[in-house]
Amino acid sequence: QVQLVESGGGLVQPGGSLRLSCAASGLGFTHNAQGWLRQAPGSEREFVASINTGGVTKNYASSVEGRFTISRDDAKSTLYLQMDDLQPEDTAVYYCAVTFSGITYAPTRLGAFEFAGRGTQVTVSS
């Protein structure tokens with residue numbers, strides 16, 4: 001059974017930083033590309049960032065490019081999202097996600113992701 005458990009969310013002021021973590025179990029962590037998605041109130045879920053199986057190729061939504069950094073630690077089966085210069089429009093529930101088996105590149109479309117965790121709330125407000 002695949003389990004993805006996110007942590008690290010919270011309330012932060014504009015310009016602040018947070019680091020999200022996602023502990024994965026029940027899957028071959030190194031065999032799948034992974035990513036982060038988010039959903040703001042009243043909005044559709046959207047792609048944030050992804051990383052390939054080798055951890056070399058990374059893709060980002062244009063809205064977070066240059067501010068967010070995705071990384072993975074295969075030894076710990078953990079995915080990370082470092083978020084800097086957070087803005088109120090970044091407020092959302094953030095989900096860790098794993099791609100369908102066989103997808104090793106870093107996808108940008110939601111349909112490439114098979115599993116997602118329950119999410120962690122990130123609120124950016126002064």
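Residue indices begin at 1 and follow the sequence shown.
With rounding to the nearest 0.5 angstrom, the CZ atom of R67 is 12.0 Å from the CD atom of Q82. To the nearest 0.5 Å, the span separating CD on Q121 from OH on Y94 amounts to 9.5 Å. Remark: L79 CG to N32 CG distance equals 11.5 Å, nearest 0.5 Å. In this structure, CZ on F113 lies 9.5 Å from SG on C96, to the nearest 0.5 angstrom. Taking CG of D74 as the reference point, atom OG1 of T53 lies at 8.5 Å (rounded to 0.5 Å). Interatomic distance, CD1 of I51 versus NZ of K58, reported as 5.0 Å (0.5 Å rounding).
For D85 and Q87, the side-chain atoms include at least one donor-acceptor pair closer than 3.5 Å. Neither side chain, T91 nor E89, offers a donor N or O lying under 3.5 Å from an acceptor on the other.
You'll find the side chain of T99 reaches within 4.5 Å of the side chain of P107, heavy atoms only. For the pair T69 and L81, the minimum side-chain heavy-atom distance is 4.5 Å or more.
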Inset, instruction - Could you walk me through whether N52 and T104 pass the side-chain hydrogen bond (donor to acceptor under 3.5 Å, both in side chains) test, one step at a time? - result: CA-CA 5 Å; N52 74 337; T104 58; over 6 Å; no
Inset, instruction - Could you check M83 against V122 for side-chain contact (heavy atoms from CB on, under 4.5 Å), going step by step and ending with a plain yes or no? - result: CA-CA 10 Å; M83 305 186 295; V122 171; 3.8 Å; yes
Inset, instruction - Kindly indicate, with the supporting measurements, whether the criterion side-chain contact (heavy atoms from CB on, under 4.5 Å) is fulfilled by L4 and V98. - result: CA-CA 9 Å; L4 303 171; V98 176; 3.7 Å; yes
Legend entry - Worked verdict on N59 versus Y105 for side-chain contact (heavy atoms from CB on, under 4.5 Å): CA-CA 10 Å; N59 283 316; Y105 60 90; over 6 Å; no
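In terms of modelled atom types and a separation under 3.5 Å, the side chain of Y60 and the main chain of S50 share no donor-acceptor contact. Although no hydrogens or angles enter the test, the distance criterion places no donor-acceptor pair under 3.5 Å between the side chain of E6 and the main chain of T120.
The side-chain tip of R19 points at the ring of Y80 from less than 6.0 angstrom away and within 45° of straight on.
F68 and V12 fall within the same hydrophobic cluster, where Ile, Leu, Val, Met, Phe, Trp and Tyr residues are linked whenever their side-chain heavy atoms come under 4.5 Å apart, directly or through other members. Cluster annotation: W36 and F47 are assigned to distinct hydrophobic clusters (Ile/Leu/Val/Met/Phe/Trp/Tyr, side-chain heavy-atom contacts under 4.5 Å, transitive). Hydrophobic clustering, with ILVMFWY side chains joined whenever heavy atoms are under 4.5 angstrom apart, groups L86 together with V64. Taken together through direct or relayed side-chain contacts under 4.5 Å among Ile, Leu, Val, Met, Phe, Trp and Tyr, I70 and L20 form part of one hydrophobic cluster.
The minimum heavy-atom distance between T57 and A106, with the atom names listed, is O-CB, 3.7 Å. Closest approach of Y95 and A116 over heavy atoms only: CB-CB, 4.5 Å.
Residues passing the side-chain contact (heavy atoms from CB on, under 4.5 Å) test with Q3, sequence neighbours excluded: S25.
Using a 4.0 Å cut-off between charged nitrogen and carboxylate oxygen, R38 and E46 count as a salt-bridge pair.
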